[in-house]
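Hydrogens, waters and symmetry mates are skipped; everything else that's a heavy atom, side chains included, is used. Since the structure is predicted, the reported quantities are computational estimates derived from the model, not experimental observations.
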Amino acid sequence: YQYSKSIIESRNKDTSKRLEDELSVKQLKELKQVVDEEKGDLEKAKPTVIDKIKSFGENVASNILANIITNPAIWSCLG
């Protein structure tokens, strides 16, 4: 259990770093604010998060998606 928890934490840090590479501090704050407004309910926040990312420009959205897909943890689950 501790081993898998450690792996998950490591992968979360990697994903977080990749997002920080693609988004400005202001953009990250805006996304966090969207989720906070929905009291942390990610499903409720999802449409607004999508709209917010779109407002950052298509290059930002495509870079985020590429970073998610090429994350080794995600890629290994794709088959």
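Every residue two or more places apart in sequence or in another chain that forms a side chain to side chain donor-acceptor pair (under 3.5 Å) with Asp21 is listed here: Lys17. Residues satisfying the side-chain contact (heavy atoms from CB on, under 4.5 Å) test with Thr48, not counting sequence neighbours, are Val34. Applying the side-chain contact (heavy atoms from CB on, under 4.5 Å) criterion to Ile69, with sequence neighbours excluded, gives Leu65, Trp75, Leu78.
Listed by first and then second residue, the salt bridge (charged side-chain N to carboxylate O under 4.0 Å, His left out) pairs that reach into residues 40-58 are Glu30-Lys52, sequence neighbours excluded.
With contacts defined as side-chain heavy-atom distances shorter than 4.5 Å, the pair Leu31/Val35 does not qualify. At least one side-chain heavy atom of Lys29 sits under 4.5 Å from a side-chain heavy atom of Val25.
Scanning all heavy atoms of the two residues, the minimum distance from Val60 to Glu22 falls at CG1-O, 4.4 Å.
In this structure, the separation between CG on Asn59 and CD1 on Ile64 is 11.0 Å, given to the nearest 0.5 Å. The CG atom of Leu23 sits 9.5 Å away from the CG atom of Asn63 when rounded to the nearest 0.5 Å.
Placement of Ile68 and Phe56 within a single hydrophobic cluster is found when ILVMFWY residues are connected by side-chain heavy-atom separations under 4.5 Å, directly or transitively.
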